[in-house]
Amino acid sequence: MKITSIEELYIAELQDLYSAESQISESLPKLIEAVQNEDFKQSLTAHLEETKQQIQRIKQICEEMEIDPEGNECEAAKGLVQEADEIISETDPGMIRDTALTGAAQRVEFYEQAGYETAIRLAESLQYFNHIDLLNESLSEERAAASKVVSAAMAIAGETEPDTMPTHEGRLKVEGKPEGIGGYARPETPDAHAMIAADDEENIYQDEDSVARGGTS
Ligand code: FE
Ligand code: FE
Ligand code: ZN
Ligand code: FE
């Protein structure tokens with residue numbers, strides 16, 4: 001369908017959001033099931049409830065406008081959901097999968113924020129003031145969900161306390177980690193952090209001295 005007015009564009013954006021939210025609410029239970037980290041699991045579960053409310057808000061707006069909320073499939077959400085499915089089929093339950101799914105979830109939340117911000121701008125220019133309030137509620141939830149995903153990703157990596165920081169020498173110092181951090185069993189093979197910790201005295205990054213010497217470290 002050709003779009004020739006801001007009103008039509010607004011409708012298309014609402015329908016895109018409706019489609020995206022519907023696809024996300026269908027995919028979230030599978031993600032929740034696949035995740036092991038309890039905090040991440042719980043924030044996804046809470047966000048599934050919010051997502052159902054978000055669908056209702058768009059429905060309410062569409063009812064007021066006497067339009068069908070369906071009719072514009074969100075191709076991006078389809079792709080984002082497919083990528084999450086791909087992660088689940090390519091990983092075993094555990095830290096690697098949870099980490100990958102935080103990346104997938106963050107992409108979804110950022111995509112949704114862009115959609116709501118766009119719809120809000122259009123509602124403003126069309127002066128649908130009650131729509132703005134409804135859309136803003138959803139936007140706030142998406143922002144909060146995105147920041148919870150980031151916190152979960154940091155906790156899963158064992159980085160609630162920053163453990164990697166530049167020193168005065170301009171090189172990275174990485175502390176060793178306690179066992180079972182983030183609620184996962186310690187992997188059998190050394191992970192990158194453990195390898196760096198074991199190698200602590202050997203500078204894996206070129207420091208200023210070695211650059212000055214013109215050699216490799
Ligand atoms: Fe949403
Ligand atoms: Fe879309
Ligand atoms: Zn979306
Ligand atoms: Fe969301």
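Note that this is a predicted model, so its numbers are computed, not measured. All ligand and atom numbering here is 1-based and tracks the order in the structure.
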Can you name the N/O/S atom of Glu112 that is nearest the Fe ion (ligand 1)? OE2

Would you call Lys59 and Glu21 a salt bridge, taking side-chain N to carboxylate O under 4.0 Å as the test? no

Atom name of the N, O or S atom of His47 nearest to the Fe ion (ligand 4) is NE2

Result for salt bridge (charged side-chain N to carboxylate O under 4.0 Å, His left out) between Arg57 and one of Glu64, Glu63, Glu141, Glu50 points to Glu141

Name of whichever N/O/S atom of Glu109 is nearest to the Fe ion (ligand 4): OE1

Restricting to N/O/S atoms, is Glu75 within less than 2.8 Å of the Fe ion (ligand 2) or not? no

CA sep, side-chain torsions, deciding dist, call: Ser22, Glu26, side chain to side chain donor-acceptor pair (under 3.5 Å): CA-CA 6 Å; Ser22 305; Glu26 273 175 43; over 6 Å; no

Short N-O contact, Glu38 and Lys41, less than 4.0 angstrom: no

N, O or S atom of Glu50 closer to the Fe ion (ligand 1) than 2.8 Å: no

Taking every non-hydrogen atom, the tightest pair across Pro69 and Tyr18: O-CD2, 3.5 Å

With the Fe ion (ligand 2) at the centre, find the angle made by OD2 from Asp16 and SG from Cys74, to 10°. 100°

Side chains of Arg143 and Tyr116: does their closest heavy-atom pair fall under 4.5 Å? no

Any N/O/S atom, side chain or main chain, of Gln54 closer to the Fe ion (ligand 1) than 2.8 Å? yes

Whether the side chain of Thr102 engages the backbone of Ala153 through a donor-acceptor N/O pair (distance < 3.5 Å, no angle test) should be reported. no

Name of the Glu142 N, O or S atom nearest the Fe ion (ligand 4)? OE1

For a distance under 2.8 Å, tell me if Asn72 has an N/O/S atom near the Fe ion (ligand 2). no

